Asker: 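Structure below; questions to follow.
Since this is a predicted model, take the numbers as computed values, not measurements.
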Amino acid sequence: MALPKAITHQDRLLSVNIHDAAAFPGSEAGSTIIPLFLDRENGVWVLYGRFEPGTRLPPHFHTGTVHFFTTRGEWNYVEYPEDRQSAGSYLYEPGGSIHTFSVPADAKEAAEGFMVVHGANVIFEDGQYRGVRDAGAIEDGILAAARAMGLPAPRYIRPQGGAGFSTEGADRPAAG
């Protein structure tokens, strides 16, 4: 079999480096995020997060799966205190799970890691619905933060989707 013809041409690799990126405020105090990949249409978001000691995110329900690779520090879910995650830990979270992310207040350093999230996090506070965090909400928040900070829009990978018909214009007579 011959090498197939490329159907998606790339002049350059789609690559970003966390060391070249600005960190933006996360959803809660003590957290910052660097966007790596935000796909509004397919509900996929990839972030590099940093969470200072004592940071606790509100309980959230995952509508899809999560992959989290911890690169520094340690953290755990309040619901699973015996299952601490530390540098080198990979965690898979199934859709439909509920968690409360927490970094111990006595941690010696911030917890950091890469997260790949499919779907949305439905956020709760005091047992009541607070909001939804998905790729679109994250992108909107990051772009607003960049404007407020006087920074240009950050560089991250964003699929060039868009709704439309595959036969756009086919029902119109050809110009001639």
Side-chain angles (χ1 to χ4, degrees), residues 1-28 30-52 55 57 60 62-73 75 85-95 101 109-123 131-176:
M1 179 173 169
L3 184 65
K5 187 176 194 173
I7 58 172
T8 304
H9 175 74
Q10 291 179 247
D11 291 326
R12 305 261 332 256
L13 290 178
L14 297 173
S15 175
V16 292
N17 187 313
I18 62 168
H19 300 293
D20 299 331
F24 292 92
S27 62
E28 301 299 321
S31 66
T32 57
I33 56 174
I34 297 172
L36 302 171
F37 178 93
L38 298 173
D39 183 348
R40 289 175 175 262
E41 290 184 6
N42 292 300
V44 179
W45 32 298
V46 180
L47 305 173
Y48 187 81
R50 178 180 170 92
F51 307 91
E52 297 297 329
T55 299
L57 304 182
H60 52 278
H62 294 282
T63 66
T65 61
V66 177
H67 302 265
F68 193 108
F69 182 76
T70 303
T71 59
R72 293 187 70 155
W75 63 275
Q85 302 298 299
S86 59
S89 296
Y90 162 74
L91 174 71
Y92 171 77
E93 302 171 20
F101 180 97
E109 64 180 333
E112 297 183 21
F114 289 94
M115 62 194 86
V116 179
V117 182
H118 294 259
N121 286 353
V122 183
I123 313 295
V132 173
R133 190 159 167 86
D134 62 6
I138 290 167
E139 184 173 44
D140 290 346
I142 286 170
L143 295 175
R147 281 191 300 276
M149 296 164 73
L151 298 173
R155 182 174 187 246
Y156 53 89
I157 299 165
R158 184 176 194 272
Q160 298 297 314
F165 293 107
S166 60
T167 57
E168 192 77 43
D171 58 341
R172 286 180 256 172

Asker: Assess whether side-chain contact (heavy atoms from CB on, under 4.5 Å) is satisfied between His62 and Asn121, documenting all intermediate values.
Answerer: CA-CA 5 Å; His62 294 282; Asn121 286 353; 2.9 Å; yes
Asker: Please examine the side chains of Val46 and Asp39, heavy atoms only from C-beta on, and report whether any two atoms are closer than 4.5 Å.
Answerer: no
Asker: Do Arg72 and Glu109 have side-chain heavy atoms sitting under 4.5 Å apart?
Answerer: yes
Asker: Can you see which heavy atom on Ala23 is nearest to which on Ile34, and at what distance?
Answerer: CA-CG1, 3.9 Å
Asker: Considering only heavy atoms from C-beta outward, does the side chain of Leu91 approach that of Thr70 to under 4.5 Å?
Answerer: no
Asker: Do Ile138 and Pro35 have side chains that approach each other closer than 4.5 Å (heavy atoms only, starting at C-beta)?
Answerer: no
Asker: Measure the spacing between CD1 of Ile18 and OG1 of Thr71 and express it to the nearest 0.5 Å.
Answerer: 6.5 Å
Asker: Is there a side-chain contact between Pro159 and Leu38, using heavy atoms and a 4.5 Å cut-off?
Answerer: no
Asker: Side chain of Thr65, backbone of His118: donor and acceptor closer than 3.5 Å?
Answerer: no
Asker: Among pairs that include at least one residue of residues 15-28, which meet salt bridge (Lys or Arg N to Asp or Glu O under 4.0 Å), considering only residues two or more places apart or in two chains?
Answerer: Glu28-Arg130
Asker: State whether the side chain of Asn42 and the backbone N or O of Val44 hold a donor-acceptor pair below 3.5 Å, judged by distance alone.
Answerer: no
Asker: Report the distance from atom CD of Glu52 to atom OG of Ser31, rounding to the nearest 0.5 Å.
Answerer: 9.5 Å
Asker: What residue among Phe69, Tyr90, Tyr48 forms ring pair (Phe, Tyr, Trp, His ring centres under 6.0 Å) with Phe114?
Answerer: Tyr48
Asker: On a heavy-atom basis, which atom in Ala137 and which in Arg133 lie closest, and how many Å separate them?
Answerer: CB-CA, 4.4 Å
Asker: Distance from Asn17 atom CG to Leu36 atom CG, nearest 0.5 Å?
Answerer: 9.5 Å
Asker: Return the set of residues passing ring pair (Phe, Tyr, Trp, His ring centres under 6.0 Å) with Trp45 (not counting sequence neighbours), or none when no residue passes.
Answerer: none
Asker: Applying salt bridge (Lys or Arg N to Asp or Glu O under 4.0 Å), can you list everything that pairs with Arg158, at least two apart in sequence or on another chain?
Answerer: Glu139
Asker: Spell out, as yes or no, whether a donor-acceptor pair under 3.5 Å connects the side chain of Arg40 to the backbone of Asp134.
Answerer: no
Asker: Considering all heavy atoms of both residues, which atom of Ala146 and which atom of Pro154 are nearest to each other, and what is their separation?
Answerer: CB-CD, 4.2 Å
Asker: If I compare all heavy atoms of Ser15 with all of Ile157, which pair ends up nearest, and what's the gap?
Answerer: N-CD1, 4.1 Å
Asker: Take the angle between the ring planes of Phe68 and Phe101 and call it parallel below 30°, perpendicular above 60°, tilted in between.
Answerer: tilted
Asker: Do the side chain of Thr55 and the main chain of Gly30 share a donor and acceptor less than 3.5 angstrom apart?
Answerer: yes
Asker: Which heavy-atom pair separates Ile33 from Ile142 by the least distance, and what is that distance?
Answerer: CD1-CD1, 3.9 Å
